[in-house]
**Q** 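Sharing a structure with you now.
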Amino acid sequence: MLSEVPPGVDPSTPSPARMYDYMLGGTLSLPVDRVAADRLKSLVPDLLDGVWGNRGFHQRAAVWLAEHGISQFIDLGSGLPTQNNTHDAVHKVLPGAHVVYVDNDPVVAAYSSALLAGDGTTTLITADVCDPAAVLGNAALRSLIDLSQPVGLLMTALLHFVADEADPWNVVRQYVAAIAPGSYLALSHFTADNMPPAQIEAGVMVYSGTATGIYPRSREQVQRFFEGTDLVPPYDGAEPALSHVGLWGAEDLEAADSDGARGLYCAVGRRG
Ligand SMILES: C[S@@+](CC[C@H](N)C(=O)[O-])C[C@H]1O[C@@H](n2cnc3c(N)ncnc32)[C@H](O)[C@@H]1O
């Protein structure tokens, strides 16, 4: 449980960042987050499968990018420090890789020390990802990221917290236009396509109590985030295509596939 409530945090409103931390077994949540997450868990039995499936995709995609020569990462909507943070994962492949975390939740900023590697390779900036010019123009980001060189842009379990009115497709388009050819976009997104309608309604209802709400999107809508990139095959032997979070990068496809993990589409696309 959070030892103190940082300034700017309303302790009566659940936050997606703290609920996600709680679902992953973390301790940086408030009672209001745990009540909301427990309610969701009781209504969506496969919830934790989806959450862990997403986190697994995030880590496998980051490692895959490092293995393909990406040495600088922008982790948008990074979330609270957790096990195997992005820099922990990619440093196992490329110890000097630079990682900039971006989140707008004040608790992420207050508890960011585990995101800071201590060797100058990582930083956190507090910003709204829907303002790409401010994010990419941020001096701390620029001190670690050279935008003339390929980057790994991570947007996992983020854009379903952005309403259509904010045009998340245009947001992604601006980031993709700003990154160098040879960069990659790794993105996952909640969908209603593969889950019982009652469970989707439960998710939308519980998240309507947060500051953002949640917006499940169809396969076609998620596919459109990858405009301007060429998708890579999600696993050995697959065609380049959107996948589910459990399957991407999985070695044992049968074991990796689950109803919960079908709740999020994902892909990695290369900017040509
Ligand atoms: C479910 S967590 C995902 C964490 C991590 N990306 C992952 O997939 O494991 C979503 C994160 O996005 C952040 N977020 C949501 N909307 C945002 C926005 N407009 N700007 C910055 N961060 C945002 C939340 O604060 C939260 O930490």
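All figures in this text were calculated on a predicted structure; none of them were measured in a lab. Whatever order the structure lists them in is the order used to number ligands and atoms, beginning at 1.
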**Q** What are the atoms of ligand 1, with element, lying closer than 4.0 Å to any heavy atom of Phe161?
**A**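 Near Phe161, meaning under 4.0 Å from one of its heavy atoms, ligand 1 has 1 (C), 10 (C).
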
**Q** Looking only at protein heavy atoms, identify the closest one to atom 2 (S) of ligand 1 and say how far it is in Å.
**A**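 Residue, atom and distance for the closest contact: Tyr20 CD2, 3.8 Å.
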
**Q** Students often mix this up, so state it plainly: with edges at 30° and 60°, are the rings of Trp169 and Phe225 parallel, tilted or perpendicular?
**A** parallel

**Q** Go through Thr13 and Asp10 one step at a time and tell me if the side-chain hydrogen bond (donor to acceptor under 3.5 Å, both in side chains) criterion holds.
**A** CA-CA 6 Å; Thr13 303; Asp10 170 6; 2.7 Å; yes

**Q** Tell me whether Gln199 contacts the main-chain N or O of Pro196 through its side chain, where contact means a donor paired with an acceptor under 3.5 Å.
**A**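 No; judged by distance alone, with no hydrogens or angles, the pair does not exist.
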
**Q** Counting only nitrogen or oxygen atoms and a 3.5 angstrom limit, does Asp75 reach ligand 1?
**A** no

**Q** Hey, can you tell me if His87 and His91 have their rings parallel, tilted or perpendicular (30° and 60° cut-offs)?
**A**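 Plane angle over 60°, so perpendicular.
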
**Q** As an exercise, identify every atom of ligand 1 less than 4.0 angstrom from a heavy atom of Ala17.
**A** 25 (O), 26 (C), 27 (O)

**Q** Going by the atom numbers of ligand 1, which of them fall below 4.0 Å from some non-hydrogen atom of Asn104?
**A** 14 (N), 17 (C), 18 (C), 19 (N), 20 (N), 21 (C), 22 (N), 23 (C), 25 (O)

**Q** Would you mind running through ligand 1 and noting each atom that sits below 4.0 Å from a heavy atom of Asp105?
**A**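 Every atom of ligand 1 under 4.0 Å from some heavy atom of Asp105: 25 (O).
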
**Q** Identify, by atom number and element, the atoms of ligand 1 in contact range of Ala127, meaning under 4.0 Å from any of its heavy atoms.
**A** 20 (N), 21 (C)

**Q** Within a distance under 4.0 Å of any heavy atom of Leu158, pick out the atoms of ligand 1 and give their elements.
**A** 12 (O), 14 (N), 15 (C), 16 (N), 17 (C), 23 (C)

**Q** May I ask you to identify the nearest protein heavy atom to atom 20 (N) of ligand 1, giving residue, atom name and distance to one decimal place in Å?
**A**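 Ranked first by proximity to atom 20 (N) of ligand 1 is Val129 N, 3.0 Å.
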
**Q** Compute the shortest N/O to N/O distance between Val102 and ligand 1 and return yes if it is under 3.5 Å, no if not.
**A** no

**Q** Quick check on the hydrophobic clustering: are Tyr101 and Leu153 connected, directly or via other members, by side-chain heavy-atom contacts under 4.5 Å?
**A**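 No.
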
**Q** May I ask you to check if ligand 1 and Gly77 share an N or O to N or O distance below 3.5 Å?
**A**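 By distance alone, the answer is yes.
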
**Q** I want to know if ligand 1 touches Thr212 in the polar sense, i.e. an N/O pair below 3.5 angstrom.
**A** no

**Q** Looking at Thr156, which atoms of ligand 1 are within less than 4.0 Å of one of its heavy atoms?
**A**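 Those qualifying, in numeric order: 3 (C), 5 (C), 6 (N), 7 (C), 8 (O).
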
**Q** Among Gly79, Gly56, Ala157, which one has a heavy atom closest to atom 10 (C) of ligand 1?
**A**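 Minimum heavy-atom distance to atom 10 (C) of ligand 1 goes to Ala157.
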
**Q** Please say which of Asn170, Val176, Val172 ends up in a side chain to side chain contact (heavy atoms under 4.5 Å, CB included) with Gln174.
**A** Asn170

**Q** I'd like to know if the side chain of Asp21 reaches the main chain of Leu28, judged simply by a donor and an acceptor atom lying under 3.5 Å from each other, with no hydrogens or angles considered.
**A** yes

**Q** Students should be able to answer this: which protein heavy-atom is nearest to atom 19 (N) of ligand 1, and at what distance?
**A**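 Residue, atom and distance for the closest contact: Asp128 OD1, 2.8 Å.
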
**Q** Is there a polar contact between ligand 1 and Asn54, counting only N or O atoms under 3.5 Å apart?
**A**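 Yes, at least one N or O pair falls under 3.5 Å.
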
**Q** Between ligand 1 and Ser78, can you find any atom pair, the residue atom being a heavy atom, that is separated by under 4.0 Å?
**A** yes

**Q** Of all the non-hydrogen atoms in the protein, which one sits nearest to atom 27 (O) of ligand 1, and at what distance?
**A** Asp103 OD2, 2.6 Å

**Q** Can you give me the closest heavy-atom contact between Thr229 and Gly269, atom names plus distance?
**A**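 So the minimum-distance heavy-atom pair works out to OG1-CA, 3.5 Å.
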
